[in-house]
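Presented below is the structure to which this report refers.
What you see below is based on every heavy atom in this structure, not just the backbone, and it leaves out hydrogens, waters and symmetry mates. Position 1 is the first residue of the sequence, and the numbers go up from there.
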Amino acid sequence: MKKSCLIPIFLLLFTSMIFGSDGMPESWKSEWNTPSRSMRPLKLAHGEDLTKMKSVEYYRDQCGLGGLVVNVGGPEYIRKDENWKQFAAGVKNIHKAGLRIWIYDEKGYPSLSAGGVVLEQDPSLESLELVYDKSAKEPFYVRKAYEHHHAANSYSESRRYPNPLQDAAVAKFIEVTHLRYQKELGPDLYRAVECYFTDEPSTMAVNSTRIPGVDPPYRDPVDPAKKMLPSVPWTQDMEDQYKAKYGSDLKPDFGSLFYGTSDRDQTIRRNFWTLVGEMNQKAYYRQIREFCAKDPQGPISSGHMLSEENNLRHVPDDGNMLEDLKEFDLPGMDLLTSDPGAHYRGTWKTALLPCSAAFLIGQRLAMSETSDHSQRNSAQKRWADLNEMCGTAAWQMAWGITEFTLYYGIRGDKNAPYRNEESFSKYCTFVGRINAILRSAKPVRPVLLYYPIEIYQEDYLPQETPLSIAKQSKRIRQTDLSWNQIGSSLVKAQIPFLAVDQQTLRELTSKENKGRTRAVPEDFSGILVPENASVSDLKWPIDSFVRIQAKAGDHLNSAAYLAKAVEKFAGPRFVFSPANEFLAFGSFVREGRLIFLVSNSKYTPWTGKAVFAYPKGMSMKDGIKFDGKGLGSEQLASIGKKSWTVLNPENGAVNKVDPLPDGSGFPVHLDGFKTLLFISPKVQ
């Protein structure tokens, strides 16, 4: 049959689903029809005066928001008692209005300085760096880490930065922020707060220049004569910590942190950056999480990191970003673009580690700080429209994001009249409807992509200029290219996956798991390993678990090739015909039903068919399992031959779609940037 003849048939069958019968579970309908505040996004409202109830009601009633992310405002931030009184009164109004409450833990970013208060109270807590100056008589020395780094080059305020590797620095931060919030709000109001939001902390070890066109205020002046040098993060007891962990002195091997290609150099670097990661997790993320845990009814810890999409930066900024993210109660990400098409071009990397961390620690919720920053600051100075905003939310929700903390402006300028309270409210309802279905569902992510952080740790060499992977080793470049190609191919083939590092694999396969990982081996069916990395010693407890080791020239950069390579262990999914790399796809399970989110990340329409596929070793008894036995496969096969429920989160329509007459799949039509949810019949 000619293609020109197929399209009218697809459209005819799609019309039948619009007017078809309603097969949605009754218990899901209330939230879908009118999403509650808990399902809707929150807006960042830094330091706003919310003491007038009408200001809070505006966000709730005109804008359709579910809540607000707030912090103390006013002159001098947390230094003035009247600012605290205004903040507490505002939070009381937010709670009275029935809105969700999160607390942003800083004045701008990066979190930890408390607007400068931490170092005002104890200057000895300032961040340090070990630098290498090959022109100096003593080439290795320790200095304060401020100039040329993240804290001096931000959009908010340039100020000196405490040391996130030092317990005392983070304890002081908690004392002047978290503990004070607890005191000023009182127990009842404090327990109405859901989360603390921490923003882009880092170890201040990557050189950067001023952001073009941005001139934030300087709380602390910078020294223009300070030499830009290669650096690594430091603490006064770093050498003692290193010796306690590895039994050897670090000082004789300082050079290995900055140069050298021998096995010994690589081992020292890996040891050092592993230690940095552990110190960062313990001092910063765990200390904040454990503070929150002291009041089980109070807020939990959330927030996001810096440069989630750049694996190379995960070494100097974090040590190991995945392990840092696992220390959050509710991991998060930062998305600066509202171009849905950026998803298949690479922004999937921004979502991968936070959503992986959430799944691995057994946390369904995951956060995204979302904005149209890139569009607003481009040459066009353009505001994203409603379709772009919804398409951007949809692909993130396909990955597992549930909580949105928004930097979107509500009212557009004269060139963007389409951005207003009405469009904003429609966006919030769109997010709320998807959450109504997916927030209580479990993501299905059986395919693992190995996060080879040890390769980056072993070969990473600090630079005196802004960081560039082109200046790093061939091994890093090969590994990074392989990792990106595999991930991109999985995304374009609509195969959901998670990232895991060596520590996570140890926790998954150990009978005495003492780490943060709460996932179980039966959740996973196979792993893809980038070039140069290895998991050859991995003892997986399930015989059917598959490993694919990437090597040069194996075509894993092809979505079609990779889809074929993993089809025996890829999870339950739709296979689309004609193939379309622009479709974002998420797979979930809830109450015995599979749920697939499909979103068109391109502005042009797509019409085709979706074929239900699943691996033979999968069963759905008491949730999805990958044990190689495939118990219940007959029931799974049958659901591809039955009608599915189809939900449209834009207008709330609930319909059905029948298989094509020849049984080859379901007809699907998606306009540009549009989204549908497909719900399978219940597997008996």
Side-chain angles (χ1 to χ4, degrees), residues 164-165 167 170 198 201 203 241 244-246 270-294 296 300-305 308 311 314-315 317-333 352-366 400 442-443 445-457 497-527 529 533-542 545 547 626:
L165 307 182
D167 290 350
V170 183
T198 201
T203 64
Q241 296 255 17
K245 182 172 178 63
Y246 300 111
R270 181 174 179 178
N271 287 346
F272 175 79
W273 289 112
T274 298
L275 175 61
V276 167
E278 291 173 354
M279 293 172 69
N280 197 22
Q281 293 148 33
K282 174 180 175 290
Y284 192 87
Y285 300 97
R286 192 175 307 157
Q287 197 170 178
I288 292 175
R289 176 171 58 81
E290 289 178 348
F291 168 81
C292 293
K294 291 177 181 177
I300 60 176
S301 67
S302 186
H304 69 83
M305 323 291 274
E308 298 100 332
N311 284 3
H314 299 175
V315 176
D317 283 339
D318 309 289
N320 181 333
M321 182 179 282
L322 181 59
E323 293 303 318
D324 287 359
L325 284 162
K326 284 164 61 180
E327 288 292 341
F328 277 125
D329 288 313
L330 197 165
M333 60 177 275
L352 174 59
L353 291 190
C355 291
S356 296
F359 187 99
L360 293 167
I361 65 173
Q363 167 63 279
R364 171 62 187 102
L365 309 185
K442 181 178 179 179
R445 303 290 183 267
V447 176
L448 300 175
L449 174 58
Y450 184 65
Y451 172 60
I453 189 66
E454 70 277 2
I455 302 293
Y456 298 89
Q457 291 174 334
F497 63 102
L498 294 180
V500 290
D501 64 337
Q502 197 172 83
Q503 176 64 28
T504 300
L505 290 175
R506 282 198 297 266
E507 292 173 358
L508 273 169
T509 56
S510 172
K511 293 181 179 179
E512 297 180 359
N513 181 1
K514 297 180 180 179
R516 285 277 287 163
T517 300
R518 295 293 175 265
V520 296
E522 290 81 8
D523 287 329
F524 308 109
S525 56
I527 189 167
V529 185
S534 175
V535 293
S536 58
D537 60 344
L538 178 63
K539 293 180 175 60
W540 202 261
I542 299 173
F545 189 78
R547 301 174 218 190
F626 294 88

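In this structure, a donor-acceptor pair under 3.5 Å is absent between the side chains of Ser356 and Tyr451.
Classification of the Tyr285-Phe328 ring pair by plane angle, with boundaries at 30° and 60°, yields perpendicular.
When the side chain to side chain contact (heavy atoms under 4.5 Å, CB included) test is applied to Ala357, the partners found at least two apart in sequence or on another chain are Leu322, Leu325, Lys326, Pro331. With sequence neighbours left out, Phe359 forms a ring-ring contact (aromatic ring centres under 6.0 Å, His included) with Phe524. Under the side chain to side chain contact (heavy atoms under 4.5 Å, CB included) criterion, Glu290 pairs with Arg286, not counting sequence neighbours. Listed by chain and number, the residues in a side chain to side chain contact (heavy atoms under 4.5 Å, CB included) with Asn271 are Tyr242, Tyr246, Thr267 (sequence neighbours excluded). Phe626 is linked by a ring-ring contact (aromatic ring centres under 6.0 Å, His included) to nothing, counting only residues two or more places apart in sequence or in another chain. Take Arg506 and apply the side chain to side chain contact (heavy atoms under 4.5 Å, CB included) test, not counting sequence neighbours, and it matches Gln502, Gln503.
In this structure, Arg516 and Arg289 have side chains that are in contact, with non-hydrogen atoms separated by less than 4.5 Å.
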* Between Asp317 and Met305, is a side-chain contact (heavy atoms from CB on, under 4.5 Å) present by the stated rule, with each step listed? -> CA-CA 9 Å; Asp317 283 339; Met305 323 291 274; over 6 Å; no

* To do: Start with the C-alpha gap between Leu505 and Tyr450, add the side-chain angles, then the distance that decides, and say whether side-chain contact (heavy atoms from CB on, under 4.5 Å) holds.
  => CA-CA 9 Å; Leu505 290 175; Tyr450 184 65; 3.8 Å; yes

* **Criterion side-chain contact (heavy atoms from CB on, under 4.5 Å) on Met279 and Asp167, from CA distance to verdict** => CA-CA 9 Å; Met279 293 172 69; Asp167 290 350; over 6 Å; no

